[in-house]
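Numbers restart at 1 for each chain; the letters A, B, ... are given by sequence-line order, proteins then strands. As a basis for the values below, the full set of heavy atoms in this structure was taken, side chains included, without hydrogen atoms, waters or symmetry mates.
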2 protein chains.
Amino acid sequence: MDQAVRSAVKAATADCDRNAWDAGNCPVRDVMNRISGKWSTLLLEALAEKPHRFGELRRLVPDISQRMLTQTLRDLQRDGYIEREVFPTKPPSVEYRMTPLGRSLFGPLSKVLAWAAENHDAVRAARRSFDDAGLA
Amino acid sequence: MDQAVRSAVKAATADCDRNAWDAGNCPVRDVMNRISGKWSTLLLEALAEKPHRFGELRRLVPDISQRMLTQTLRDLQRDGYIEREVFPTKPPSVEYRMTPLGRSLFGPLSKVLAWAAENHDAVRAARRSFDDAGLA
DNA sequence: AGTGCTGGTCTATTTTTGAGACTGACATCG
DNA sequence: CGATGTCAGTCTCAAAAATAGACCAGCACT
């Protein structure tokens, strides 16, 4: 398993290693920089379940500002993870839904999310012992 | 497969859904907020391969500032993903290496990294067609 | 004495994020 | 009729975070 991971990473970063992860040149960084935004995973998680409208997402993630919701949705749309459809209803409504590309990303991504949920306690424990040991 | 993902996510977010991802309450957000920093994955990637010293990491990720390198390493250490060891050599050197916890995170995480490498072209294509279609 | 290496810290500046008011077409309430 | 609310955003300005780059101490070599 460790070997499998090793080779996956090697393949994943082959282009980067040449330039030591040169900023604009590294596919991994280019893709990850969007995914790893504060809100991106939350929204992908919500939209993985089912399509949602703007206001629904706002209620689902209560502490996101409208500004960041708009922007993050647009970024996710730009990179092809989600689609936006406007319905010409009386107050026009907008629905966001995941694309096949987004769904294919969410496969691996959900594994990380699951890891986070499972290991939250271990992380909290590590954090406590770090804080207790001298350097806050 | 879709079903498997669905249930994994459901388990992962069970606590969150109750409070609609309430900020300080959600394990996933708590863990992800650290992982998803701009530099965290890069450093985890580097240290997954083998232990490295501060200066090595700096050269490996050329466009990180010393301040962010120091801080990101400390954050990763605090959450228990990496360890820091100081060697009392003549110019004292510091080695960073992954912990078992970090390694266990890196399993799923490396899958996402691999996805990023594989699908970089698709993302770039999506980005282009979005930009070409009117709204820049 | 001067230079370079180590792993950092400190300060000032730029970038990102966030809170909150505002838009505009329509619907509902009194 | 006029007030208010919903919808999906935009705009402005302040706060928070990231960055660049100078600086530090200790030691080795020349």
Side-chain angles (χ1 to χ4, degrees), chain A residues 20-24 29-30 32-43 46-47 51-79 82-97 130 134-136, chain B residues 21-24 29-30 32-43 46-47 51-79 82-97 130 133-136:
Chain A
W21 293 292
D22 181 33
R29 288 180 67 166
D30 189 26
M32 290 304 289
N33 276 348
R34 255 178 222 302
I35 296 170
S36 70
K38 184 174 180 181
W39 307 108
S40 307
T41 48
L42 277 303
L43 295 178
L47 294 174
H52 285 287
R53 300 181 29 197
F54 188 88
E56 287 181 306
L57 292 169
R58 213 156 88 72
R59 282 184 289 277
L60 229 64
V61 186
D63 56 345
I64 194 174
S65 63
Q66 283 188 323
R67 189 188 178 289
M68 286 316 289
L69 181 54
T70 302
Q71 197 192 80
T72 307
L73 286 171
R74 229 207 303 277
D75 287 347
L76 291 175
Q77 186 196 355
R78 189 169 102 99
D79 279 19
I82 66 177
E83 283 174 332
R84 196 182 104 113
E85 188 174 1
V86 181
F87 295 102
T89 54
K90 285 320 151 71
S93 66
V94 180
E95 191 180 86
Y96 293 91
R97 84 173 58 81
F130 180 89
L135 300 157
Chain B
W21 292 292
D22 182 31
R29 287 180 68 166
D30 188 28
M32 289 305 289
N33 276 349
R34 253 176 224 302
I35 295 169
S36 68
K38 185 173 178 182
W39 307 108
S40 307
T41 48
L42 276 304
L43 296 177
L47 293 173
H52 284 288
R53 302 189 18 205
F54 187 88
E56 285 181 307
L57 291 169
R58 213 157 87 73
R59 281 185 288 277
L60 228 62
V61 187
D63 56 346
I64 193 175
S65 64
Q66 283 189 322
R67 191 186 182 289
M68 286 317 290
L69 181 54
T70 301
Q71 195 192 84
T72 306
L73 285 171
R74 229 209 299 281
D75 287 347
L76 291 175
Q77 186 196 355
R78 190 170 103 97
D79 279 17
I82 65 177
E83 282 172 333
R84 196 181 103 112
E85 188 174 1
V86 182
F87 296 101
T89 52
K90 286 319 153 63
S93 66
V94 179
E95 191 181 85
Y96 293 89
R97 84 172 60 80
F130 180 90
L135 299 157

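The nucleotide whose nearest atom lies closest to any side-chain atom of F54(A) is, among dC7(D), dT10(D), dG9(D), dG9(D).
R58(B) comes within contact range of no nucleotide atom at all, as no heavy-atom separation falls under 4.0 Å. At the heavy-atom level, Y96(B) lies under 4.0 Å from the strands shown only through sugar-phosphate atoms.
Counting heavy-atom neighbours within 6.0 Å of R34(A) CZ, excluding the residue itself, gives a total above 12.
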Identify each atom pair where a protein N or O and an N or O of nucleotides 16-19 of chain D are less than 3.5 Å apart, giving names and distance.
unit_1, atom_1, unit_2, atom_2, d
dT19(D), OP1, K38(B), NZ, 2.9
dT19(D), OP2, W39(B), NE1, 2.7

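To the nearest 0.5 Å, the span separating CG on L47(A) from CD on E83(A) amounts to 11.0 Å. Here the CZ atom belonging to R53(B) is positioned 6.5 Å from the OG1 atom belonging to T89(B), to the nearest 0.5 angstrom.
Inter-residue side-chain proximity for D75(A) and F130(B) is flagged as unmet; no heavy-atom pair is nearer than 4.5 Å. With contacts defined as side-chain heavy-atom distances shorter than 4.5 Å, the pair T41(A)/L43(A) does not qualify.
Reading DNA chain C from its 5' end, the first and the last nucleotide to sit under 4.0 Å from a heavy atom of chain B are dT6(C) to dT11(C).
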Would you be so kind as to tabulate the donor-acceptor pairs closer than 3.5 Å made by side chains of residues 64-73 of chain B, with sequence neighbours excluded?
unit_1, atom_1, unit_2, atom_2, d
S65(B), OG, M68(B), N, 3.3
T70(B), OG1, Q66(B), O, 2.9
T72(B), OG1, M68(B), O, 2.6

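Between the CD atom of Q66(B) and the C1' atom of dA20(D) there is a distance of 11 Å, given to the nearest Å. For Q77(A) and dG9(D), the CD to C1' distance is 14 Å, given to the nearest whole Å. Across the protein-nucleic acid pair, F87(B) atom CZ and dC27(D) atom C1' stand 19 Å apart, rounded to whole Å.
Under the side-chain hydrogen bond (donor to acceptor under 3.5 Å, both in side chains) criterion, R97(B) pairs with E85(B), E95(B), sequence neighbours left out. Residues passing the side-chain hydrogen bond (donor to acceptor under 3.5 Å, both in side chains) test with R84(A), sequence neighbours excluded: none.
Scanning both residues, S36(A) and G37(B), for their nearest heavy atoms gives OG-O, 4.4 Å. Contact between E56(B) and P51(B) at its shortest, heavy atoms only, is OE1-O, 4.4 Å.
An angle of 20°, rounded to 10°, separates the two end axes of the helix from dA1(C)-dT30(D) to dG30(C)-dC1(D), each defined over five pairs.
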| Where do S40(B) and L76(B) land on the side chain to side chain contact (heavy atoms under 4.5 Å, CB included) test, with the steps shown first? | CA-CA 7 Å; S40(B) 307; L76(B) 291 175; 4.2 Å; yes
